[in-house]
Amino acid sequence: MKVNNPGKKDLDQLVMLEQETFPEAEAYSGELMAELFLYKEDEWKECLSRMGFFLGKYIYIIDAYEDIEKDLKKGNYNPFKEIYKNEDFDNFVERILTMMISECAREFENLPIIEDVDILRNILYSGVWAKFKAIRNKRRQVEEEKND
């Protein structure tokens with residue numbers, strides 16, 4: 001499924017896919033981001049597209065991870081609704097996110113970026129994990145409060 005010129009109808013398509021199946025919705029989210037990374041046709045097209053694809057999947061997954069409790073309370077779709085109570089849920093999500101951001105970073109390192117490369121590396125190698133850890137810690141704190 002290829003996305004061209006992502007816009008509102010594409011986001012509507014993503015919502016529809018979410019109601020059907022997680023892998024398709026996750027991939028579609030990646031394809032939306034891949035299209036956004038392709039600002040021109042050049043020798044870096046494939047690299048930028050793959051970087052955007054995996055970053056889009058990462059964003060989709062971390063958003064679902066962050067919103068799981070809220071989505072369940074509101075009756076909204078969340079791909080993790082069947083497994084979020086599993087003991088290893090946080091580790092499972094972390095492994096998936098690691099795969100996505102690793103692929104994204106691999107493509108990033110192939111690009112001839114000179115300006116702001118340190119800032120971008122900081123985001124890819126540290127910032128994304130700071131966000132994950134903040135969400136995980138918040139989830140654990142809520143769980144502890146429920147158990148008290």
Side-chain angles (χ1 to χ4, degrees), residues 1-84 86 88-142:
M1 169 184 337
K2 189 72 174 149
V3 178
N4 291 317
N5 300 321
K8 182 179 178 340
K9 70 177 182 163
D10 298 311
L11 295 176
D12 292 342
Q13 176 72 18
L14 179 59
V15 170
M16 186 181 79
L17 285 171
E18 283 184 331
Q19 296 170 1
E20 296 173 12
T21 175
F22 168 62
E24 286 186 35
E26 176 192 7
Y28 194 75
S29 180
E31 288 178 14
L32 284 171
M33 186 65 75
E35 288 295 321
L36 292 173
F37 271 55
L38 297 178
Y39 68 99
K40 68 179 182 178
E41 297 280 331
D42 65 10
E43 65 203 81
W44 305 107
K45 174 185 173 186
E46 291 301 316
C47 191
L48 285 166
S49 177
R50 285 185 46 84
M51 183 180 171
F53 178 76
F54 287 107
L55 182 60
K57 290 177 75 162
Y58 175 92
I59 291 168
Y60 183 87
I61 294 165
I62 200 161
D63 181 61
Y65 178 66
E66 182 173 28
D67 293 346
I68 183 67
E69 287 90 1
K70 179 181 73 173
D71 287 342
L72 292 176
K73 285 179 186 174
K74 292 183 175 185
N76 294 338
Y77 171 80
N78 191 296
F80 296 129
K81 72 178 182 179
E82 301 296 326
I83 64 168
Y84 92 101
N86 291 356
D88 69 337
F89 175 63
D90 293 326
N91 292 330
F92 174 77
V93 172
E94 185 175 14
R95 286 191 305 271
I96 293 171
L97 292 173
T98 298
M99 287 187 287
M100 296 307 114
I101 210 66
S102 294
E103 291 296 325
C104 180
R106 179 188 333 244
E107 297 303 326
F108 170 80
E109 293 298 340
N110 289 325
L111 295 169
I113 298 173
I114 299 170
E115 291 183 30
D116 301 320
V117 71
D118 292 332
I119 294 169
L120 294 169
R121 280 191 179 119
N122 188 25
I123 292 166
L124 279 175
Y125 296 116
S126 180
V128 296
W129 296 116
K131 176 69 173 170
F132 172 77
K133 289 175 184 174
I135 295 167
R136 184 184 60 199
N137 291 341
K138 182 180 176 186
R139 283 182 34 80
R140 288 181 178 167
Q141 182 179 5
V142 169

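Nearest heavy atom pair, residue Leu124 against residue Val128, reads O-CG2, 3.3 Å. In terms of heavy atoms, Cys104 sits closest to Phe54 at N-CB, 3.9 Å. The minimum heavy-atom distance linking Lys45 with Leu38 is given by the pair O-CD2, 3.1 Å. Listed here is the closest heavy atom pair of Trp129 and Glu94: CH2-O, 4.0 Å.
Side-chain atoms of Ile123 and Ile119, non-hydrogen and from C-beta on, do get closer than 4.5 Å to each other. Side-chain contact check for Met51 versus Phe37: some heavy-atom pair is nearer than 4.5 Å. Looking at heavy atoms from C-beta onward, Ile83 lies in side-chain contact with Asn86 at the 4.5 angstrom threshold. Phe132 has its side chain within reach of Ile62: a pair of non-hydrogen atoms, C-beta onward, lies under 4.5 Å apart.
Within the structure, every pair that satisfies the side-chain hydrogen bond (donor to acceptor under 3.5 Å, both in side chains) test and touches residues 50-59, not counting sequence neighbours, is listed here: Arg50-Glu103, Arg50-Glu107. Listed by first and then second residue, the salt bridge (Lys or Arg N to Asp or Glu O under 4.0 Å) pairs involving residues 111-130 are Glu109-Arg121 (not counting sequence neighbours). Applying the ring-ring contact (aromatic ring centres under 6.0 Å, His included) test to pairs two or more places apart or on separate chains, none has a residue in residues 91-127.
Put simply, the side chain of Asn137 gets close to the backbone of Lys133: a donor and an acceptor are under 3.5 Å apart. Formation of a donor-acceptor pair under 3.5 Å by the Ser102 side chain with backbone atoms of Thr98 is found in this model. Judged by distance alone, with hydrogens and angles left aside, the side-chain atoms of Asn78 form a donor-acceptor pair with the main-chain N or O of Phe80 at under 3.5 Å. Although no hydrogens or angles enter the test, the distance criterion places a donor-acceptor pair under 3.5 Å between the side chain of Asn110 and the main chain of Arg106.
With sequence neighbours excluded, the residues forming a salt bridge (Lys or Arg N to Asp or Glu O under 4.0 Å) with Lys131 are Glu66, listed by chain and number. Lys70 pairs by the salt bridge (Lys or Arg N to Asp or Glu O under 4.0 Å) definition with Asp67, not counting sequence neighbours. Applying the side chain to side chain contact (heavy atoms under 4.5 Å, CB included) test to Asp90 and every residue at least two apart in sequence or in another chain returns Tyr65, Arg136, Arg139, Arg140.
Distance check: Ile135 CD1 to Ile68 CD1 gives 12.5 Å after rounding to the nearest 0.5 Å. Taking CE of Met33 as the reference point, atom OH of Tyr60 lies at 13.5 Å (rounded to 0.5 Å). Considering CG of Leu36 and CG of Leu48, their distance stands at 12.0 Å, rounded to 0.5 Å. A distance of 10.5 Å separates CZ in Phe53 from CG in Leu32, rounded to the nearest 0.5 Å.
Partner of Lys81 under the side-chain contact (heavy atoms from CB on, under 4.5 Å) criterion, out of Asn76, Asp71, Leu72: Leu72 alone.
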